[in-house]
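Take a look at the structure below.
Fair warning: this is a prediction, and the values are worked out from it, not measured in the lab.
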Amino acid sequence: MSTNKLNSQRVIIAGGGPVGLTAALLLGHYGIECLVLEADADVPRELRASTFHPPTLDMLDEFGITSRLIEAGLVAPTWQVRWHTTGEFAEFDLGVLKAHTAHPYRLQCEQWRLAEFLLEYIRNKLPGIEVLSGYRLQSFAQNEDGVEVTAQDAAGEPHSFSGAYLIGADGARSAVRSQLGLTFEGHTFPETTVLATTSFPFHEHLPDLSFINYCWKDSGTFSLLRLRDLWRVSLYPLDGESDEDAVSPVSIQAKLQEILPTAESYDILEIRPYRIHQRVVQGYVHGRVVLAGDAAHINSPSGGMGMNGGIHDAFNLAGKLRRIYAGEGRELLQLYERQRRPIAVKHVLEQSGKNRARMQERDSDKRWRSLTELQRKASDEALATQHLLETSMISGLREAAAIQ
């Protein structure tokens, strides 16, 4: 086993996705050395998050990351809840947030682009940050003075690393959380979501379509989210349809044809099934080990809050570590937990859960009441502003900042 005892005051980060790399970028700017251990050899380009909320864009703007995301993505000034059968909809215009954010819109851009932009920035501009790809964390131990981490490289060889703190940003199946023996409290929803992409131009055929649309249909629900060169469509198995059948190209094709019948078959570019979980870990901070992002909380993707919430974790945590390295006490990590965990429960899990429940509703009368209420909010600037401050995650950040 190779042993690396150098830089014992650095921060070790398990996970080189958007959350871990954001934390590394920030700590590097603060002059704090970091080691990032990422299990994948390359940035995965599979279908994951694709929505960036206004405050996330504000946060990343300082580093030139936001402008690159905008260049690669699609600015979405509005989003809708639609009744597909009738074409009626409630549309929210994020322009009402112009007094609250420098980016009053959502940005549609693939998560992997952010990871690649962060990695490029770190390697070009932050020599104090080391990123080891293909290194999977195996175990760790901590004492009063620091942490010792063992990771396995792509060839299966073990390596030992020393640091002052360990950030577990290693996702929903976090090895850090698992070794801490923590329960991941919450539940898993019964339905499977099937995400498919197509280059078919829905916007040229469905009137008044936004770039982000949550849609009811007679037999259930679906969503249409536009990226620069394609549409992402979230679909669900039919009643009685097995998960295996639901992910077949034949089933996907049939569901797309139900949304909009076409003379030719849809070109289906990618299919990804996943289950929806609502869970939050019982504690974020355990001595010198701290959890962030999906390692700490996972939620329904409805509303696009998961990745954004993890990035917000990284900004909060990096700010606390900056102060600790400047001489303040380690109890600041508890403030990170006090500020972020309740927000994950109240503003991320609960809001995304409400979004999911609204769209899963099958009762027509309840749908109409929900749509009418959303239309009322969307047409009143004060109500729309309040609603968008919440759904764009601005309210949660402000509430967190007030917690001491």
Side-chain angles (χ1 to χ4, degrees), residues 44-52 69-94 105-114 191-239 241-274 276 300-304 307 355-356 359-360 371:
R45 291 195 172 191
E46 63 190 24
L47 292 172
R48 296 189 181 181
S50 64
T51 293
F52 291 84
L69 290 170
I70 291 172
E71 183 180 359
L74 191 67
V75 170
T78 64
W79 59 267
Q80 296 180 358
V81 173
R82 297 175 63 96
W83 193 301
H84 183 62
T85 309
T86 67
E88 295 179 80
F89 58 87
E91 181 173 86
F92 286 90
D93 184 348
L94 284 88
Y105 47 80
R106 290 187 186 181
L107 181 70
Q108 293 298 102
C109 187
E110 299 91 338
Q111 170 181 312
W112 60 262
R113 294 187 186 273
L114 172 61
E191 71 271 6
T192 294
T193 301
V194 182
L195 184 60
T197 59
T198 177
S199 63
F200 181 82
F202 284 103
H203 52 289
E204 295 179 4
H205 300 271
L206 296 175
D208 303 312
L209 199 64
S210 177
F211 294 163
I212 300 170
N213 310 272
Y214 307 104
C215 309
W216 286 302
K217 61 177 181 174
D218 291 342
S219 59
T221 184
F222 65 94
S223 66
L224 292 171
L225 279 68
R226 187 180 173 188
L227 296 173
R228 180 178 288 275
D229 301 314
L230 53 82
W231 281 89
R232 291 168 53 121
V233 190
S234 293
L235 303 165
Y236 299 88
L238 300 174
D239 291 341
E241 185 180 32
S242 70
D243 288 350
E244 182 179 1
D245 289 338
V247 300
S248 70
V250 171
S251 178
I252 301 297
Q253 188 69 229
K255 292 182 177 70
L256 293 175
Q257 291 289 342
E258 182 185 3
I259 294 172
L260 183 68
T262 60
E264 297 182 0
S265 296
Y266 284 84
D267 61 324
I268 301 170
L269 306 176
E270 191 172 355
I271 299 172
R272 183 192 173 206
Y274 61 90
I276 295 175
S300 165
S302 184
M307 175 188 65
N355 294 341
R356 173 201 165 273
M359 298 316 301
Q360 289 294 327
L371 181 62

How about [X] and [Y]: do any of their side-chain heavy atoms sit closer than 4.5 Å?
| X | Y | result |
| --- | --- | --- |
| His205 | Phe200 | yes |
| Val81 | Trp216 | yes |
| Thr262 | Leu256 | no |
| Pro273 | Asp243 | no |
| Thr197 | Leu227 | no |
| Thr192 | Tyr274 | no |

Looking at [atom1] of [X] and [atom2] of [Y], how far apart are the two atoms once the value is rounded to the nearest 0.5 Å?
| X | Y | atom1 | atom2 | value |
| --- | --- | --- | --- | --- |
| Leu225 | Gln108 | CG | CD | 5.0 Å |
| Arg106 | Ser50 | CZ | OG | 10.0 Å |
| Leu371 | Glu88 | CG | CD | 6.5 Å |
| Trp231 | His203 | CH2 | NE2 | 7.0 Å |
| Glu258 | Leu238 | CD | CG | 7.0 Å |
| Ser223 | Tyr236 | OG | OH | 6.0 Å |

- [ ] Please name all residues satisfying side chain to side chain contact (heavy atoms under 4.5 Å, CB included) with Gln80, sequence neighbours left out, ordered by chain then number.
- [x]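 Gln80 satisfies side chain to side chain contact (heavy atoms under 4.5 Å, CB included) with Arg82, Phe89, Glu91, Ser210, Asn213 once adjacent residues are dropped.
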Which heavy atom of [X] sits nearest to which heavy atom of [Y], and what is that distance?
| X | Y | value |
| --- | --- | --- |
| Ser251 | Glu241 | OG-OE2, 2.8 Å |
| Ile268 | Pro249 | CD1-O, 3.9 Å |
| Arg228 | Ile70 | NH2-O, 3.6 Å |
| Tyr266 | Gln253 | N-OE1, 2.7 Å |
| Val233 | Thr198 | CG2-CG2, 4.5 Å |
| Cys109 | Gly73 | CB-CA, 4.0 Å |

- [ ] Measure from the side-chain N and O atoms of Thr221 to the backbone N and O of Cys215, and report whether any donor-acceptor pair falls under 3.5 Å.
- [x]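 Answer holds: yes.
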Task: Phe222 and His84 aromatic ring geometry - parallel, tilted or perpendicular at 30°/60° bounds - done: perpendicular
Open item on the list: Once you measure the plane-to-plane angle for Trp79 and Tyr214, does it fall in the parallel (<30°), tilted (30-60°) or perpendicular (>60°) bin?
Closed with: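 Trp79 and Tyr214: perpendicular rings.
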Task: CA sep, side-chain torsions, deciding dist, call: Phe52, Met307, side-chain contact (heavy atoms from CB on, under 4.5 Å) - done: CA-CA 8 Å; Phe52 291 84; Met307 175 188 65; 3.4 Å; yes
- [ ] Could you walk me through whether Arg226 and Phe202 pass the side-chain contact (heavy atoms from CB on, under 4.5 Å) test, one step at a time?
- [x] CA-CA 9 Å; Arg226 187 180 173 188; Phe202 284 103; over 6 Å; no
Open item on the list: Suppose we screen for salt bridge (charged side-chain N to carboxylate O under 4.0 Å, His left out). Which residues come up paired with Glu270, at least two apart in sequence or across chains?
Closed with: none
- [ ] Report the residues that fulfil salt bridge (charged side-chain N to carboxylate O under 4.0 Å, His left out) with Arg232, sequence neighbours left out, ordered by chain and then residue number.
- [x] none
Task: CD/Glu204: more than 12 non-hydrogen atoms of other groups inside 6.0 Å - done: yes
Open item on the list: More than 12 heavy atoms of other residues, nucleotides or ligands under 6.0 Å from CD of Glu46: yes or no?
Closed with: yes
Open item on the list: Can you tell me which residue among Thr51, Leu69, Leu74 is in a side chain to side chain contact (heavy atoms under 4.5 Å, CB included) with Leu107?
Closed with: Leu69
